[in-house]
Undergrad: 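Handing you this structure, nothing more for now.
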Amino acid sequence: MRLFSYVLARDYGLAPHPYHGWCTLAVCMPRIRRAADPGDWVIGCGGAAAGLAGRLVYAMRVAEALSLDAYWHDPRFGDRRPDPQGPRERRCGDNLYHRSETGAWVQAPSYHSRRDGQPDPAHLARDTAVDRVLVAARFSYFGRDARPFPPELAARHGVDPCRRHRGHRSHFPDALVAAVAAWLEELPQGVHGEPARRGVRRPRPTV
């Protein structure tokens, strides 16, 4: 079991996407999506700009990893396909990509599209550079109501599990990983707050 810790600079409900009974990381954070395996914990820490530095925005224990195309076609995750005109949970859906008959990537209209709803080549290239989606059934998402980490975790083990700078960290002492995992297991599961960033535009539907 490993622990992946990073700063969640932009929390719109897209990455991670914690709705409909699952928490998924399907876009952004390519290095974590490539490296994390089932059984590992991923934690997103708040950013200073949002006034959440040193706090836990969300935690997910990875249960499985799927390809983007498998994620798109899996009936469990059909309601995670974005609906630009729907409620927030659907507008920020992260099930964005699938393969066409020619094998090319198709991007659904979403927060990662251009303002006119057309595919954004830059987002498409970054998101599909790692063809992997992390899926968790066990997770805690607090959003703007991010929880403080117990101070004894860092004090006892000499390492702060909460990432405070860009990038991510995954090399922690085994004892700290076990202590953090035990704390995370005790947290209430599911969604317990709204995303820190609100009022995001609705992508216009394609004509």
Side-chain angles (χ1 to χ4, degrees), residues 2-20 22-33 36 40-62 80 82 86-94 110-112 115 120 122-123 126-127 134 136 138-173 176-177 179-203:
R2 290 177 296 172
L3 174 68
F4 292 79
S5 176
Y6 74 102
V7 174
L8 184 58
R10 297 179 181 85
D11 177 27
Y12 295 111
L14 172 67
H17 187 66
Y19 303 109
H20 310 295
W22 304 91
C23 186
T24 47
L25 197 58
V27 298
C28 303
M29 300 310 298
R31 292 183 179 179
I32 292 179
R33 286 193 287 125
D40 293 339
W41 282 97
V42 178
I43 60 175
C45 305
L52 300 176
R55 290 175 172 262
L56 178 72
V57 176
Y58 86 99
M60 60 185 286
R61 186 164 193 179
V62 181
R80 305 174 83 77
R88 166 181 280 279
E89 290 81 359
R90 292 302 304 272
R91 295 201 310 274
C92 63
D94 68 349
S110 66
Y111 284 179
H112 275 195
R115 285 188 176 273
D120 183 313
H123 275 303
R126 283 195 296 268
D127 293 341
L134 303 181
R138 186 174 189 83
F139 67 93
S140 300
Y141 176 85
F142 303 106
R144 60 184 175 178
D145 297 318
R147 296 284 186 94
F149 282 78
E152 61 269 20
L153 289 176
R156 184 180 305 158
H157 301 280
V159 180
D160 189 348
C162 183
R163 185 73 176 172
R164 297 172 186 267
H165 307 286
R166 295 182 61 182
H168 78 275
R169 180 171 182 174
S170 59
H171 298 289
F172 294 99
L176 174 63
V177 173
V180 171
W183 175 62
L184 296 175
E185 292 280 4
E186 295 178 354
L187 293 176
Q189 300 296 297
V191 178
H192 301 280
E194 294 292 324
R197 300 285 291 272
R198 296 192 296 172
V200 181
R201 61 177 173 82
R202 292 173 183 256

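Bear in mind the structure is a predicted one, so any value in this text is a computation, not a measurement. Just so you know, residue 1 is the first one in the sequence shown, and it goes up from there.
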Undergrad: What is the distance from atom CZ of R88 to atom OH of Y12, rounded to the nearest 0.5 Å?
TA: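 Here the interatomic distance stands at 10.0 Å.
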
Undergrad: Looking at F139, is its backbone amide N or carbonyl O close enough to the side chain of Q189 to form a donor-acceptor pair, meaning the two atoms are under 3.5 Å apart?
TA: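 Judged by distance alone, yes, a pair lies under 3.5 Å.
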
Undergrad: Rounded to the nearest 0.5 Å, how far apart are CD1 of I43 and CG of L8?
TA: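 Reported to 0.5 Å precision, the distance equals 11.5 Å.
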
Undergrad: Say you draw a straight line from CG of L56 to CG of D145; how long is it, rounded to the nearest 0.5 Å?
TA: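 Taking CG in L56 and CG in D145, the distance rounds to 12.0 Å.
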
Undergrad: Can you name the side-chain contact (heavy atoms from CB on, under 4.5 Å) partners of R156, sequence neighbours left out?
TA: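 R156: side-chain contact (heavy atoms from CB on, under 4.5 Å) contacts with E152.
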
Undergrad: Identify the two heavy atoms, one from G54 and one from F149, that lie closest to each other, and give their separation to 0.1 Å.
TA: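 Result for this residue pair: O-CD1, 3.4 Å.
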
Undergrad: For H123, give me all partners under ring-ring contact (aromatic ring centres under 6.0 Å, His included), at least two apart in sequence or on another chain.
TA: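 Checked H123 against ring-ring contact (aromatic ring centres under 6.0 Å, His included); matches are H112.
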
Undergrad: What is the distance from atom CG of L3 to atom CZ of R169, rounded to the nearest 0.5 Å?
TA: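 The CG atom of L3 sits 9.5 Å away from the CZ atom of R169.
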
Undergrad: Any idea which heavy atoms bring P148 and W183 closest together, and the distance?
TA: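 Looking at all heavy atoms of both residues, the shortest contact is O-CZ2, 3.6 Å.
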
Undergrad: Specify the closest pair of heavy atoms between L184 and A59, including all atoms of both residues, with the distance to one decimal.
TA: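 Scanning both residues, the minimum pair turns out to be CD2-CB, 3.7 Å.
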
Undergrad: In chain order, what residues pass the side-chain hydrogen bond (donor to acceptor under 3.5 Å, both in side chains) check against T24, with sequence neighbours excluded?
TA: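 With neighbours one apart ignored, the set is Y71, R80, D94.
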
Undergrad: In this structure, are over 12 heavy atoms from other groups packed under 6.0 Å from R138 atom CZ?
TA: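 Correct, the count exceeds 12.
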
Undergrad: Can you list everything that forms a side-chain hydrogen bond (donor to acceptor under 3.5 Å, both in side chains) with R163? Sequence neighbours excluded, please.
TA: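 Testing R163 for side-chain hydrogen bond (donor to acceptor under 3.5 Å, both in side chains), a comparison that skips the adjacent residues, returns none.
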
Undergrad: Specify the closest pair of heavy atoms between G193 and Y141, including all atoms of both residues, with the distance to one decimal.
TA: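 Nearest pair, atom of G193 first, then Y141: O-CE2, 3.5 Å.
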
Undergrad: Can you see which heavy atom on V62 is nearest to which on A36, and at what distance?
TA: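 Result for this residue pair: CG2-CB, 4.4 Å.
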
Undergrad: Holding to ring-ring contact (aromatic ring centres under 6.0 Å, His included), I want the full list of residues that pass it with F172, two or more places apart in sequence or in another chain.
TA: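 If we apply the ring-ring contact (aromatic ring centres under 6.0 Å, His included) test to F172, skipping adjacent residues, there are no hits.
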
Undergrad: Using 0.5 Å steps for rounding, measure from the CG atom of L176 to the OG atom of S5.
TA: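 That separation rounds to 9.5 Å.
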
Undergrad: Restricting to pairs with a member in residues 48-62, which pass side-chain hydrogen bond (donor to acceptor under 3.5 Å, both in side chains), not counting sequence neighbours?
TA: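 Listed by first then second residue: Y6-Y58, R61-E185.
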
Undergrad: Between H20 and H17, how do the two ring planes meet: parallel, tilted or perpendicular, split at 30° and 60°?
TA: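 Because their plane-to-plane angle lies in the 30° to 60° range, the rings of H20 and H17 count as tilted.
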
Undergrad: Return the set of residues passing side-chain hydrogen bond (donor to acceptor under 3.5 Å, both in side chains) with D40 (not counting sequence neighbours), or none when no residue passes.
TA: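 Residues passing side-chain hydrogen bond (donor to acceptor under 3.5 Å, both in side chains) with D40: R2.
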
Undergrad: Quick check: closest heavy atoms across C28 and D127, and the distance to 0.1 Å?
TA: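 Result for this residue pair: N-OD1, 3.5 Å.
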
Undergrad: Under the criterion side-chain contact (heavy atoms from CB on, under 4.5 Å), I'd like the reasoning laid out for H157 against V180: C-alpha separation, chi angles, the key distance, then a yes or no.
TA: CA-CA 11 Å; H157 301 280; V180 171; over 6 Å; no

Undergrad: Would you say R31 and F4 make side-chain contact, with heavy atoms under 4.5 Å?
TA: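 No, too far: nothing below the 4.5 Å cut-off.
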
Undergrad: Judged by atom type as modelled, is there a donor-acceptor pair below 3.5 Å linking the side chain of D11 to the main-chain atoms of A196?
TA: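 Here the side-chain-to-backbone pair exists.
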
Undergrad: Under the rule for side-chain contact (heavy atoms from CB on, under 4.5 Å), what residues qualify as partners of A122, not counting sequence neighbours?
TA: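 A122 satisfies side-chain contact (heavy atoms from CB on, under 4.5 Å) with D120, R126 only.
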
Undergrad: Using the side-chain contact (heavy atoms from CB on, under 4.5 Å) criterion, which residues pair with P188? Sequence neighbours excluded.
TA: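 By the side-chain contact (heavy atoms from CB on, under 4.5 Å) rule, P188 matches F142, R147, H192.
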
